[in-house]
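A short worksheet on the structure shown next.
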Amino acid sequence: MRKSYLLSLFIALFWLNMSEAQIIKRNIHDDLEYNNTYYTAKLKKDIHGGIQFTDSNSNKISYNKGYIAKELNEISNSDYEYAFFDDLVRKYRYTSQYEVSYKVDIFDKIIIEDNKGSKKIVGKDIHGNQFFEEEYNGVRRSIKRDLLGTLQYVNGSITASFRKGFMKNWEYRDSTGNQFDISSKTMDRLSIRFQNDEGVFFYLINEYLE
């Protein structure tokens with residue numbers, strides 16, 4: 001009896017998934033559309049080479065041409081585009097009135113900004129060092145490298161720094177009173193685990209400040 005019930009449930013779920021997949025189709029303008037009784041969505045190209053996701057919940061997700069070239073270059077593949085659209089449908093079908101834009105500016109910086117007061121910027125400074133900035137409801141958080149190579153973290157009034165000292169040890173300091181050195185040997189192992197000194201700094205921030 002239990003085996004029969006599980007088989008029936010499996011078949012029902014299979015056909016449900018099949019019917020959901022068949023809801024996505026292209027319209028006469030070559031845009032992707034999703035339609036069911038309670039929810040509709042569309043993924044369309046704009047005149048500037050970007051793409052925009054909109055739905056019946058008044059959500060609007062925009063990607064400019066620069067962002068597509070840098071982060072979504074596989075979208076020209078039809079299968080990837082279908083999967084990308086399906087992910088957006090699943091992500092936003094139970095959300096309403098959310099707007100966010102993903103763009104790359106003329107300085108090759110990634111900028112993500114929404115209508116909830118959040119803004120994120122990822123890019124490189126004039127020396128080629130990567131930086132990250134985030135602002136939410138007036139509070140700014142950033143990670144940058146100064147001219148001496150010291151990594152600096154700021155989150156409102158909370159700060160931290162991470163740099164290579166004169167004795168080849170790495171020095172971590174933060175505004176909550178944490179101060180310690182990491183030997184070059186230990187740093188080598190951590191750099192393998194977290195890819196580089198920035199990755200190690202992110203790890204330390206999450207451990208001691210987040």
Side-chain angles (χ1 to χ4, degrees), residues 15-145 153-156 195-196 198-199 202:
W15 284 111
L16 177 61
N17 288 332
M18 288 294 292
S19 64
E20 284 286 300
Q22 292 170 4
I23 289 174
I24 296 178
K25 62 180 181 180
R26 291 192 182 276
N27 62 21
I28 59 173
H29 304 293
D30 204 34
D31 302 323
L32 288 177
E33 291 185 341
Y34 175 96
N35 291 281
N36 69 17
T37 306
Y38 306 103
Y39 179 79
T40 61
K42 179 187 292 186
L43 186 70
K44 67 176 183 179
K45 299 175 179 66
D46 63 34
I47 59 174
H48 303 293
I51 55 176
Q52 188 177 96
F53 171 89
T54 55
D55 65 16
S56 55
N57 291 343
S58 299
N59 296 308
K60 182 180 177 182
I61 319 300
S62 304
Y63 306 84
N64 80 345
K65 182 179 180 180
Y67 186 89
I68 294 170
K70 190 178 183 72
E71 301 291 324
L72 298 174
N73 60 338
E74 294 181 68
I75 199 101
S76 57
N77 178 284
S78 181
D79 290 338
Y80 182 93
E81 186 183 12
Y82 269 86
F84 179 73
F85 181 46
D86 184 59
D87 284 344
L88 290 174
V89 167
R90 294 174 186 274
K91 184 175 182 179
Y92 294 108
R93 65 189 301 175
Y94 301 113
T95 301
S96 62
Q97 299 182 336
Y98 181 68
E99 297 184 13
V100 59
S101 65
Y102 296 78
K103 61 184 180 181
V104 170
D105 68 9
I106 59 174
F107 302 106
D108 204 36
K109 293 185 296 186
I110 295 175
I111 302 173
I112 304 171
E113 189 170 9
D114 69 16
N115 63 342
K116 305 295 183 182
S118 175
K119 183 177 182 180
K120 299 177 183 178
I121 302 175
V122 179
K124 291 185 178 181
D125 61 23
I126 58 174
H127 304 288
N129 298 315
Q130 189 165 345
F131 68 87
F132 168 83
E133 294 180 355
E134 180 180 31
E135 187 172 340
Y136 183 71
N137 288 337
V139 178
R140 177 168 294 183
R141 185 167 71 110
S142 67
I143 295 179
K144 298 179 180 180
R145 195 185 296 271
Y153 170 78
V154 177
N155 185 359
Q195 298 185 340
N196 51 36
E198 292 178 1
F202 270 109

Q) K70: what forms a side chain to side chain donor-acceptor pair (under 3.5 Å) with it, not counting sequence neighbours? A)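 Result, side chain to side chain donor-acceptor pair (under 3.5 Å) vs K70: D108.
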Smallest separation among heavy atoms of [X] and [Y], with atom names:
| X | Y | result |
| --- | --- | --- |
| I143 | Y153 | CG1-CD1, 3.5 Å |
| Y34 | N36 | OH-ND2, 3.2 Å |
| K45 | I51 | CG-CG2, 4.0 Å |
| A41 | V89 | CB-CG2, 4.2 Å |
| Y63 | L88 | OH-CD2, 3.5 Å |
| S76 | N73 | OG-O, 3.6 Å |

Measure the spacing between [atom1] of [X] and [atom2] of [Y] and express it to the nearest 0.5 Å.
| X | Y | atom1 | atom2 | value |
| --- | --- | --- | --- | --- |
| I112 | Y67 | CD1 | OH | 5.0 Å |
| K103 | S62 | NZ | OG | 10.0 Å |
| I23 | Y39 | CD1 | OH | 11.5 Å |
| K60 | T54 | NZ | OG1 | 8.5 Å |
| F85 | E81 | CZ | CD | 9.0 Å |

For [X], I'd like to know if atom [atom1] has over 12 heavy atoms of other residues, nucleotides or ligands within 6.0 Å.
| X | atom1 | answer |
| --- | --- | --- |
| Y80 | OH | yes |
| R26 | CZ | yes |
| Q195 | CD | no |

Q: Can you label the angle between the F53 ring and the Y92 ring as parallel, tilted or perpendicular, going by 30° and 60°?
A: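 Aromatic pair F53/Y92 classed tilted.
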Are the side chains of [X] and [Y] in touch, meaning some heavy atoms are under 4.5 Å apart?
| X | Y | answer |
| --- | --- | --- |
| H48 | K65 | no |
| Y102 | I110 | no |
| F131 | I121 | yes |
| N57 | Y94 | no |

**Q.** Inter- and intrachain pairs under side chain to side chain donor-acceptor pair (under 3.5 Å), touching residues 117-132, at least two apart
**A.** none
Q: Check salt bridge (Lys or Arg N to Asp or Glu O under 4.0 Å) between K109 and all other residues, then give those that pass, not counting sequence neighbours.
A: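 Only D105 meet the salt bridge (Lys or Arg N to Asp or Glu O under 4.0 Å) criterion with K109.
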Q: For D55 and T95, indicate whether the former's side chain and the latter's backbone hold a donor-acceptor pair under 3.5 Å.
A: no
Q.
Checking the side chain of S56 only, and the main-chain atoms of T40 only, is there a donor and an acceptor separated by less than 3.5 Å?
A.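 Yes: the side chain of S56 pairs with the backbone of T40.
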Q.
Between N27 and E33, do the side chains contain a donor N or O and an acceptor N or O under 3.5 Å apart?
A.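 Yes, side-chain donor-acceptor contact under 3.5 Å.
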